Amino acid sequence: MLPTKASRRRFLRQSTTAATGLLLAPGLVACGARSAPATDPAPASPPPSADDRKLGVALLGLGGYAKGQIAPALQLTQHCELRGLITGSPDKLPEWQDRYGVADENCYTYDRMEDIADNDAIDIIYVITPTATHRDFAVRAAAAGKHVWCEKPMAMTPAQCQEIIDACTEQGVQLAIGYRMLHEPNTRQLIQLTKDRTYGALTSARSYAGYAGSPPPADYWRGQRDMGGGALYDMGVYTVNGLRYGTQLSPAAVVRATQQRQDRPNGVDLTTTYTLRYPDGMLAEGKTSVVEKYNELHIEAENGWYEMQPMQPYQGVKGKTSDGKVLGPPVPNQQSLQMDDDALAIRNGTQPIAPGSMGKADIAVIRAIIESAETGKEVQIAS
Ligand code: NAD
């Protein structure tokens, strides 16, 4: 048995002091480090125990990513397993239950999801719905006393992200964002090159993620601005987070940005470009699209360069360096690595690799990019 909500709260009180000793230096992110800024919920579980039961995950939202990637990946995990389903379309349940052997008592509709509070089989709720719905679902999941995993982008605004962080802190549950690249071993090699300054001080960076698709239709959430559709939220968050883990720095300002938008009410951006400036003056270029194909994260340093190309597909992420090193080879399922890392963080009471503060910081960058594109001006990024 995992700790009850009450025991987690007790642990949260006890761990607050300890957590304050783990703060990162300003401007650094928590990639691979088991620490995070003060805005994150404190580690919310007790120290390791003899209990090695797999943690039970309930998927909230049974759409394309849950069905195509996350549920299959949960068949490969060692520290957690698919045990519950939460949906607005109960007609989907029989097929899911048959395929994954999910018990009736672990299935919920959105309007009854609060009942999950009494279900000890479920430890974690993984929110995998359209971006504009993340805040409400994540807050409700935390209120039910369950640990929260939330897909990227974390929410629509930094204020919404903070609401999720606050709800998790209040309930003494963990919060992790579904940034799968941070768990991908080849990407972690690139991160280590930056941390070690293997090629000297960084001088510039670029981060591009786009695919040559069709403009999303108006009646689908990916075609609606207020639902979190469009290139910048959906794909661009990979470029923003890529620059964060690739440089291990937080940008200070958006120098300039452009957005090519659909010509219709509520039409989303099809392509967005942006330039970030860091506190030391270094510049980075970002580009994202749902109609143009590119995929790379490139870091220039004083004594060489290194890059991931492609930087964020589900499979085949690989990289190289200016002196011929290969950042490879192909690695096992990214999502199962992500969920096992996040399950172990819960079990061990350590900070997750992608905490809520990181998700929030990326949304602050996205909002600043939008503001810069709309005003034509440089925009400072709120910290
Ligand atoms: P999808 O359209 O395939 O599925 C969305 C699901 O949410 C559907 O089951 C839908 O019924 C449900 N839903 C709940 N509330 C809804 C509402 N108000 N309006 C519309 N649908 C609602 O989308 P998806 O591709 O599964 O994406 C879901 C989330 O996962 C998004 O946040 C997306 O950014 C993220 N995602 C992440 C990755 C990754 O690699 N980390 C990949 C794909 C999607």
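Ligands are counted one by one from 1 in listed order, and the atoms in each one are counted from 1 as well. The structure presented is a predicted model; accordingly, all values stated were derived computationally and were not measured.
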Heavy atom of K92, distance to ligand 1 below 4.0 Å: yes
Salt bridge check: are E95 and K67 linked by an N-O gap of less than 4.0 Å? yes
Taking 4.0 angstrom as the limit, do E300 and R206 come out as a salt bridge? no
Do E307 and H298 have a side chain donor and acceptor closer than 3.5 Å? yes
Any Lys/Arg nitrogen of K152 or D362 sitting under 4.0 Å from an Asp/Glu carboxylate oxygen of the other? no
Less than 4.0 Å is my threshold; does some heavy atom of P153 fall inside it relative to ligand 1? yes
Just to check, does P130 reach to within less than 4.0 Å of ligand 1 when the distance is taken from its heavy atoms? yes
Is the closest side-chain donor-acceptor distance between T272 and Q259 under 3.5 Å? yes
Give the residue, atom name and distance (to 0.1 Å) of the protein heavy atom nearest atom 34 (O) of ligand 1. K152 O, 2.8 Å
Tell me if the aromatic rings of Y238 and Y179 count as close, with their centers under 6.0 Å from one another. no
Tell me: protein heavy atom nearest atom 28 (C) of ligand 1, and distance? I128 O, 3.5 Å
To check your reading of the model: name the closest protein heavy atom to atom 3 (O) of ligand 1, its residue, and the distance in Å. G64 N, 2.7 Å
Do the side-chain N and O atoms of E292 and Y294 include a donor-acceptor pair separated by under 3.5 angstrom? yes
Y110, Y126, Y220, Y65: member with heavy atom nearest to atom 42 (C) of ligand 1: Y65
Just checking, any donor-acceptor pair under 3.5 angstrom between side chains of Q260 and Q262? no
Could you tell me whether R53 and D123 make a salt bridge, using a distance below 4.0 angstrom between a side-chain N and a carboxylate O? yes
Looking only at protein heavy atoms, identify the closest one to atom 37 (C) of ligand 1 and say how far it is in Å. E151 OE1, 3.1 Å
For K318, is the NZ atom crowded, meaning more than 12 foreign heavy atoms sit under 6.0 Å from it? no
What part of D234, side chain from CB on, backbone N/CA/C/O, both or neither, has a heavy atom under 4.0 Å from ligand 1? side chain
Per-atom contacts of ligand 1 with G178, taking only distances under 4.0 Å to non-hydrogen atoms: 41 (N)
Provide, to 0.1 Å, the distance between atom 39 (C) of ligand 1 and the closest protein heavy atom, together with that atom's residue and name. Y238 OH, 3.0 Å
Could you tell me if any non-hydrogen atom of Y233 lies under 4.0 Å from any atom of ligand 1? no
May I ask you to check if ligand 1 and G63 share an N or O to N or O distance below 3.5 Å? yes
Closest by any non-hydrogen atom to atom 32 (O) of ligand 1: pick that one out of Q334, H134, R180. H134
As a test of the contact definition, would atom 10 (C) of ligand 1 count as having a protein heavy-atom neighbour under 4.0 Å? no
Any nitrogen or oxygen of Q335, main chain or side chain, under 3.5 Å from a nitrogen or oxygen of ligand 1? no
Show the atoms of ligand 1 that are less than 4.0 angstrom away from any heavy atom in L62. 9 (O)
Counting only heavy atoms, tell me which of T129, I70, D136, T133 gets closest to atom 29 (C) of ligand 1. T129
State whether the shortest distance between N or O atoms of S89 and N or O atoms of ligand 1 falls below 3.5 angstrom. no
Any side-chain donor paired with an acceptor under 3.5 Å for T187 and E184? yes
The closest protein heavy-atom partner of atom 25 (O) of ligand 1 is R222 NH2, 2.9 Å
In terms of side-chain heavy atoms, does Y199 have a donor or acceptor partner in D323 at a distance below 3.5 Å? yes
